[in-house]
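Notes for the one structure printed next.
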Amino acid sequence: MYKAVRGTQDILPQDAPYWRHLETTIHELCARYGYHRLEPPLFEETSLFVRGVGEATDIVEKEMYSFTDRGGRELTLRPEFTAGVMRGYIEHNMHTWPRPVKLYSVGPAFRYEAPQAGRYRQFHQVNVEAIGEQDPAVDLEIMSVAWDLYEALGSKGLSFQLNSTGCPACRPVYIKHLVAYYEQHRDEICKECKRRLQRNPLRVLDCKVETCQPIIEGAPRMREHLCGECAKHFETLLGYLDLLGRSYTLNHRLVRGLDYYTKTVFEVWAEEGLGAQNAVCGGGRYDGLIEELGGPPTPGVGFAAGLERIILAMKAQGTAVPELVAPQLLVAHRGTEAKTRAVTLTSELRTAGIGALLAFGQRSLRSQMKQANRANVRFTLILGEDELAAGEVTVRDMAAGEQQRVSLAEIEDWLKRRL
RNA sequence: GUGGCCAUAGCUCAAUCGGCAGAGCACCUGGUUGUGGCCCAGGAGGUUGCGGGUUCGAGCCCCGCUGGUCACCCCA
């Protein structure tokens with residue numbers, strides 16, 4: 001028997017209300033902030049992600065779904081959105097649009113990882129980007145979109161983790177200090193950190209090995225090594241956040257796995273319900289990315305949030321979501337002629353905008369009533385020989401257990417008054 | 001890629017010491033020739049994840065594989 005491949009899953013009808021509510025909330029919120037939808041393709045040239053995400057990242061090193069198509073093109077299913085969105089920004093000359101260009105996307109992304117709670121090989125993200133403006137107020141706006149999204153969904157127990165990772169002017173200087181400090185403690189750090197020191201030194205800061213913790217505590221901090229511009233940017237952002245009364249946690253150990261981030265980086269962590277995968281949102285500023293991808297020098301800031309993780313958190317917290325609309329009536333019938341009329345009646349009701357179910361087959365009325373009961377409809381319309389002869393239909397109110405005859409000519413209005 | 005735990009009906013789970021594969025729920029039919037929910041009766045549904053081994057005999061013990069799950073790494 002075929003099964004959904006490892007790390008993928010069907011979104012079943014029982015989860016549809018969560019997805020609908022989440023998607024509706026996202027679209028309404030983004031519209032309120034003036035963001036416009038841009039959906040990049042599911043796959044792009046592999047080199048776009050290699051350059052955009054960074055050669056030394058886990059994503060590029062071991063997580064991409066890459067393939068060669070029949071035309072010999074090297075392609076990759078998107079592991080994240082930002083690179084594709086920026087490619088679109090450049091391709092469509094959006095630098096000529098009013099700034100900042102504010103875009104959002106919702107859809108699946110793909111990473112070849114070992115699946116576990118809150119992590120899948122095909123997963124969904126909402127991605128929000130503001131391009132072409134370096135004002136820290138844009139960082140604030142991006143964070144606010146994330147903030148409001150969780151607020152609208154009634155999420156509790158979230159913490160905003162915030163840091164600045166500097167820019168090409170100050171980060172290399174800081175990294176030198178960090179590496180020098182770590183060289184002094186070479187005998188005390190874990191094997192993995194020794195490797196990190198070579199490949200991606202900043203990552204030593206989020207090592208979770210016990211013995212590395214005191215080393216990290218004593219390490220030089222990025223914030224104390226920011227250049228004037230980055231320091232000012234960060235202070236201004238913190239001031240704005242305080243102004244709005246948004247609580248956040250300064251986390252000097254927060255470094256992000258993608259190479260393109262500059263200045264602001266942030267993540268949103270959930271306390272419960274997600275197992276080890278507690279990050280529900282991650283983002284930051286990427287002032288060098290567009291230039292790296294062949295566009296004009298352009299600042300940008302954005303975030304991505306994982307929809308599966310949001311839904312897991314909603315379930316863990318028992319968040320109520322609106323039910324989807326379902327037909328409120330079922331047309332039951334008895335006899336061949338009545339069945340024929342039931343087919344046309346059901347169709348007429350639907351054309352009139354009334355959701356209706358038809359009992360299929362020619363089963364006993366008892367069986368059809370059971371079906372109506374299971375479908376949880378408000379009314380059952382019964383069409384038999386008697387009703388047909390009288391040009392009427394029997395309408396049974398399922399909750400009250402009462403029924404009455406209504407003429408077929410008037411049934412639409414009768415129902416519209418009550419549904 | 002590495003490690004722990006797990007795998008029996010659609011779902012949740014039983015099966016004594018290794019001895020006839022079961023229950024509840026859900027589904028279908030009937031009890032009621034045209035009336036749902038509650039109740040009762042019946043029915044359908046299984047290669048016990050796959051392959052091998054031990055044994056008179058394996059759902060149960062052993063080995064391998066696959067899958068699921070959780071965790072590491074990293075992240076949404």
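Convention: sequence-line order gives letters A, B, ...; per-chain numbering from 1. No hydrogens, no waters, no symmetry mates; every other heavy atom, side chains included, goes into these values.
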Listed in order of residue number, which residues of residues 303-310 of chain A have a non-hydrogen atom at under 4.0 Å from RNA chain B?
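The answer is A/Ala304, A/Gly306, A/Arg309.
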If you assign A/Gly7 and A/Gly282 each to the RNA chain B nucleotide with the nearest heavy atom, which residue ends up on the more 5' nucleotide?
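Counting from the 5' end, the first nearest nucleotide belongs to A/Gly7.
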Taking for each residue the nucleotide of RNA chain B bearing the nearest heavy atom, is the 5' side occupied by A/Tyr112 or by A/Ala399?
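Its nearest nucleotide being more 5', the pick is A/Tyr112.
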Salt bridge (Lys or Arg N to Asp or Glu O under 4.0 Å) pairs, two or more places apart, involving residues 123-145 of chain A
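Every pair satisfying salt bridge (Lys or Arg N to Asp or Glu O under 4.0 Å) with a residue in residues 123-145 of chain A: A/Lys102-A/Glu141, A/Asp139-A/Arg285.
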Is RNA chain B part of any stem, that is, at least 3 consecutive Watson-Crick or G-U pairs with both distances under 3.5 Å, and where?
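RNA chain B stems, ordered by first number: B:1-7 with B:66-72, B:10-13 with B:22-25, B:27-31 with B:39-43, B:49-53 with B:61-65.
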When the [atom1] atoms of [N] and [M] are considered, how many whole Å apart are they?
N      : M      : atom1 : answer
B/rC38 : B/rA26 : P     : 8 Å
B/rU69 : B/rG49 : C1'   : 15 Å
B/rC73 : B/rG3  : C1'   : 12 Å
B/rG10 : B/rG46 : C1'   : 12 Å
B/rU16 : B/rA58 : P     : 16 Å
B/rC62 : B/rU54 : C1'   : 7 Å
B/rC61 : B/rU48 : C1'   : 16 Å

At under 4.0 Å, does any side-chain N or O of [X] touch on OP1 or OP2 of [N]?
X        : N      : value
A/Gln116 : B/rA71 : yes
A/Arg363 : B/rU29 : yes
A/Arg196 : B/rC73 : no

Side chains of [X] and [Y]: donor-acceptor distance under 3.5 Å anywhere?
X        : Y        : result
A/Ser144 : A/Arg246 : yes
A/Ser159 : A/Gln161 : yes
A/Glu74  : A/Thr68  : yes
A/Arg350 : A/Ser347 : no

Please lay out, stage by stage, how A/Glu267 and A/Arg256 fare under the test salt bridge (charged side-chain N to carboxylate O under 4.0 Å, His left out).
CA-CA 9 Å; A/Glu267 288 185 2; A/Arg256 309 249 320 129; 2.8 Å; yes
Please classify the nucleic acid contact of [X] as base, sugar-phosphate, or nothing, using heavy-atom distances under 4.0 Å.
X        : result
A/Arg111 : base
A/Glu385 : base
A/Ala114 : base
A/Arg396 : base
A/Thr380 : nothing
A/Asp206 : sugar-phosphate
A/Glu387 : base
A/Ser364 : sugar-phosphate
A/Ile382 : base

Donor/acceptor link under 3.5 angstrom from [X] side chain onto base of [N]:
X        : N      : answer
A/Gln368 : B/rU35 : no
A/Arg119 : B/rC74 : yes
A/Arg374 : B/rG37 : no

A/Asp15 and A/Lys315 ion-paired at < 4.0 Å:
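Salt bridge present between A/Asp15 and A/Lys315.
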Keeping A/Glu39 on the side-chain end and A/Val106 on the backbone end, is there a donor-acceptor pair under 3.5 Å?
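Pair found, side chain donor or acceptor close to backbone of A/Val106.
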Nucleotide of [options] approaching [X] most closely (side-chain heavy atoms):
X        : options                : result
A/Ser367 : B/rA76, B/rU32, B/rU29 : B/rU29
A/Ala117 : B/rC70, B/rU35, B/rC73 : B/rC70
A/Leu365 : B/rU35, B/rG31, B/rC74 : B/rU35

Tell me: CZ of A/Arg203 to C1' of B/rC74, nearest whole Å?
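Whole-Å distance recorded here is 7 Å.
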If you apply the rule side-chain hydrogen bond (donor to acceptor under 3.5 Å, both in side chains), what do you find for A/Gln403 with A/Thr394, and how did you get there?
CA-CA 7 Å; A/Gln403 57 193 50; A/Thr394 297; 5.3 Å; no
For A/Tyr261 and A/Tyr286, run ring pair (Phe, Tyr, Trp, His ring centres under 6.0 Å): C-alpha distance rounded to whole Å, both residues' side-chain angles, the deciding distance at 0.1 Å, then the answer.
CA-CA 4 Å; A/Tyr261 287 110; A/Tyr286 44 85; 7.0 Å; no
Please confirm whether A/Trp414 and A/Phe379 have ring centers closer than 6.0 angstrom.
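Yes, ring centres under 6.0 Å apart.
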